[in-house]
Structure formats: structure tokens, C-alpha cells
Protein chains: 2
Amino acid sequence: MTTADADPQPSAGRRTDPGRRDRIIDVCLDVIADVGVAGTSHRRVAEAADVPLGSMTYHFSGMNELLHEAFTRFGTTVSDQFERRMATAADAAAAREAVVAIIAEDVFDTQRDLVLTHELYTLAARDPSFRDITNAWMARSRRALERHFDPTTARMLDALIEGLTIHRALDIEPHGREVVVDAVRRITGG
Amino acid sequence: MTTADADPQPSAGRRTDPGRRDRIIDVCLDVIADVGVAGTSHRRVAEAADVPLGSMTYHFSGMNELLHEAFTRFGTTVSDQFERRMATAADAAAAREAVVAIIAEDVFDTQRDLVLTHELYTLAARDPSFRDITNAWMARSRRALERHFDPTTARMLDALIEGLTIHRALDIEPHGREVVVDAVRRITGG
DNA sequence: GACTCGAGTGTACGACTGTACACATCGGTA
DNA sequence: TACCGATGTGTACAGTCGTACACTCGAGTC
């Protein structure tokens, strides 16, 4: 502020910042993971993203739009990972393996993701507008599972994934990999 | 305020109110179910419970204590229902039946309970002090299941209950009862 | 009646919130 | 060069928050 710091490209349009909106959304997810939706505010996100407070109202119509965009991105990211993981499976055995991997480590590989998932679910449980995001998410994972299993089995696996993931998020004593393998086998009958 | 309204028992100690603390805790859960932990404030709870704002700081050291007590009560209530439901089962078939009932309708019988569960999980996912509550909850339900099933199966059923309950909370297309029955049978091998 | 004591309450304070909007600033055009 | 329109920002406002604390008031004792 007091001194113009040495900008490598002063003429390259320091003022316009096309990626800023995207960056704010990404940072917003970090903030949510850190302090929860309850603690997330324009000011906190602005500070974390290193943008002025005015940028918040400039890029988003309000807090709700920001949260919606952030969780939409999160949902898409997780669904992508899920689909990609399932897509690599060639046969039924590999598909079972993929499901185990998803539960045990692959898709939700950080406490951050688990926390964000809960935040989203909590929002969606109360506010129908956020349910679009969870519905899309569920539909995609269901479809990915149905490429390998019949619809009923897919639904059960989906529920199992959900449940075991929650146990992980809540830090229930870690379930060994063999328990997951066993559960998947019982459900798929493999 | 302006006029002393006709109190049926003016001499019965209108001033002292021993049940007030309990009442605040109950009302607090209603408020949380209504507007979420994020929207819950001393003022809102006080208004809903029809007590002056000062009562909040008088009875609770702070917001955190209030939330903790409220969710402790909620967890106990749900666990009680769960245990009672499982306790009635005489044999393995009845136990399977009870699990199905818990998932399909019994324990979480209102959207309110589903919403509160998510709020609690979200808190617990971030704040370890709330994990005491979820841990106690999980331990009790696990123990109740282990009276009828081996530990591994109990853990799987627990996860299944969790997962299918979430699907219900998020208003995923309702799973028919027969799907639940089928899933329980596959896991228990009944 | 006078007095004491603790239960309970109204109010005020500083911190923080979302949001609006007047203003600064810069790339492009003539 | 002078100007304009769009992009972006600092600041102010009205409201809500948690919390502290001086106070009221009623029940019990003499």
C-alpha cells in the first residue's frame, strides 16, 4: 500500500483478475472446512483469499450464492473422483475392489473432505436448494455403481459407503480393511 | 409488564423456577432443528423458551455449554429409543426385524431428528468435545446390536443404518421396505 | 414490622455481521 | 492528449451477536 511492490508485469493488467471469482470459491471451501459454515463470513473469506471485502459483493449476490457455488464445486470434485475410480474397474471383482478403495481411502482422503461433506449434508437436510447438489452427487455415484451392479445392490453399496465414511469422519475406532472387504462381499454376494 | 396478568398461583413461587434450565435445553433443540446451530443464538432460544435473555448466562456458562447439554440430551434420547427397540427382540429373526424397523421408521421418526443428527455430526466432525457424545451414542447402539449379532456384523449393520438414514434425511427417493429387509438379510446372512 | 441473601433480570457494551454505494483506477478509443 | 466506460474497492450503516454486571425482588428469619 505505502510502496508499490515490484510487480513483475505491471502492464499485464494487474487490475483485472479473471480468475479471482474461481479463487474465492476455492478459498471459501477451505474456510468452511476450517471454521464451518457457521463461522464463514465475507470478511474471513476475503482475508483468506487476499482480496478486498468489496470483491465479495462484487462477484456474488450474497452469502447464499457463494455457499451454493462452493458446494457445487465440491460435489462435482468428489463425484469426479468417485466416477473415475469406478470407471477403471474392468470386471465385477475389480468393481468390488474399487468400492473398498473408495470407502477405505480413495475418495475422501482427507479430514477436510469429510468435514465438508457433513457441512453440505447439514445444509441440505434443512434447505432444499442445497439438495440439488446432493441429489446430483447421489445420482452420479449411483449411476457409476450401476455400471457394475444391479440397482438394488448399487443402492445398498451406496448406503454402506455413506455409513462407513461417517464412522471414519467421527473417528470411530478405525475399521480394518478386511471388515470393509467382508461387508462388500456380503452385499454383492461375490 | 404494565399489568400483572392473572397468575393462577401467584404465591406458588412464580419467581423461582427449578425446571427452567431443563426447559431451555429442550427448547434449544427445537431452535436448532428449526434454524440450525449456525442460526441459534441466546436471544432466539430465550424468546422461544419465553425466558429473559439474562437467564441464558445465568444458567449456562456460554453458548458451548448450552449446545453440549442439548446434544447430550438428544443423543441419550435417541440411544434410549434404539436400545429399547432392540431389547424387545427375542431371537435372531426378531432382531433383524428390529433393525429394519429402526431404519425404516422407528427411531428417527421425524425430519426434526434427522436434521438434529446432522447438526450433531457436523459439530463432532470438527470439534472433538462433541465427539464424546457421538462416541457414547455409537458405543450404545453397537452394544445393543452385539447382543444379537457378532461384532463384525454389528458394525456393518451400524454403518448400513447410518447410510440409509442419511439417504432418508436428504430425501433421496424413498427406499422400499423390501430393500431394507434385503440389505439386512444379506449382511446378517439370515 | 425490618432485615438479609441469593435467585433471577434488564440493559448496555464492544465486536462482528451482510450489504450498499460513492468513489478510484485503468484499458481502450479518438 | 483527453476522455469514457467498466472494473474493482474502501468505507459506512444498520443490525445482531455473546456476555458482563448492577440491579430488582421475593422468601425466609427474627
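Proteins come first, then strands; the chains are lettered A, B, ... in the order of their sequence lines, and each starts at number 1.
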- prompt: Please give, in whole Å, the distance from C:dG18 P to A:H42 NE2?
  reply: 6 Å
message: Rounding to an integer number of Å, can you tell me how far B:R43 CZ sits from C:dT17 C1'?
response: 13 Å
statement: Checking C:dG10, C:dT17, C:dA12 against the side chain of B:P52 (C-beta onward), the nearest is C:dG10
task: For side chain to side chain contact (heavy atoms under 4.5 Å, CB included), just list the numbers for A:T153 and A:H148, CA-CA rounded to whole Å, side-chain angles, deciding distance to a tenth of an Å, and then say yes or no.
output: CA-CA 10 Å; A:T153 303; A:H148 301 283; over 6 Å; no
statement: Atom CD of A:E65 and atom P of C:dT19 are separated, to the nearest Å, by 11 Å
message: Taking the minimum atom-to-atom distance to the side chain of B:R44, which one of D:dC17, D:dG18, C:dG18 wins?
response: D:dC17
Side chain of B:Y58 - closest among D:dT19, C:dG18, C:dG8: C:dG8
- prompt: Can you tell me how far C1' of C:dT9 sits from CG of B:D50, to the nearest Å?
  reply: 14 Å
field: Selection from C:dG8, D:dT19, C:dT19 that lies nearest to any side-chain heavy atom of B:H59
entry: C:dG8
- request: Measure the shortest side-chain to side-chain distance between B:R112 and B:D30 over non-hydrogen atoms and say whether it is less than 4.5 angstrom.
  value: yes
Pair B:E65 + B:R21, salt bridge at N-O below 4.0 Å: yes
- line: B:L66 CG to D:dT19 C1', in whole Å, measures 14 Å
query: Roughly how many Å is it from CD1 in B:I24 to P in C:dG8, rounded to a whole number?
result: 10 Å
- prompt: Between D:dT9 and A:S55, is there an OP1 or OP2 to side-chain N/O distance shorter than 4.0 Å?
  reply: yes
field: C:dT19 phosphate, OP1 or OP2, under 4.0 Å from A:T57 side-chain N/O
entry: no
message: Taking the basic N atoms (NZ, or NE/NH1/NH2) and the acidic carboxylate oxygens, is any pair closer than 4.0 Å for B:E162 and A:R168?
response: no
- request: Would you mind reading off the distance between A:L53 atom CG and D:dT9 atom C1', rounded to a whole angstrom?
  value: 9 Å
task: May I have the distance from B:M56 (atom CE) to C:dT11 (atom P), rounded to whole angstrom?
output: 17 Å
Least distance between heavy atoms, A:A154 atom then A:L145 atom: O-CD1, 3.5 Å
query: Between the base of C:dG8 and the side chain of B:R20, is there a donor-acceptor distance below 3.5 Å?
result: no
query: Nearest to the side chain of A:S41, which nucleotide is it out of C:dA12, D:dT11, C:dT17?
result: C:dT17
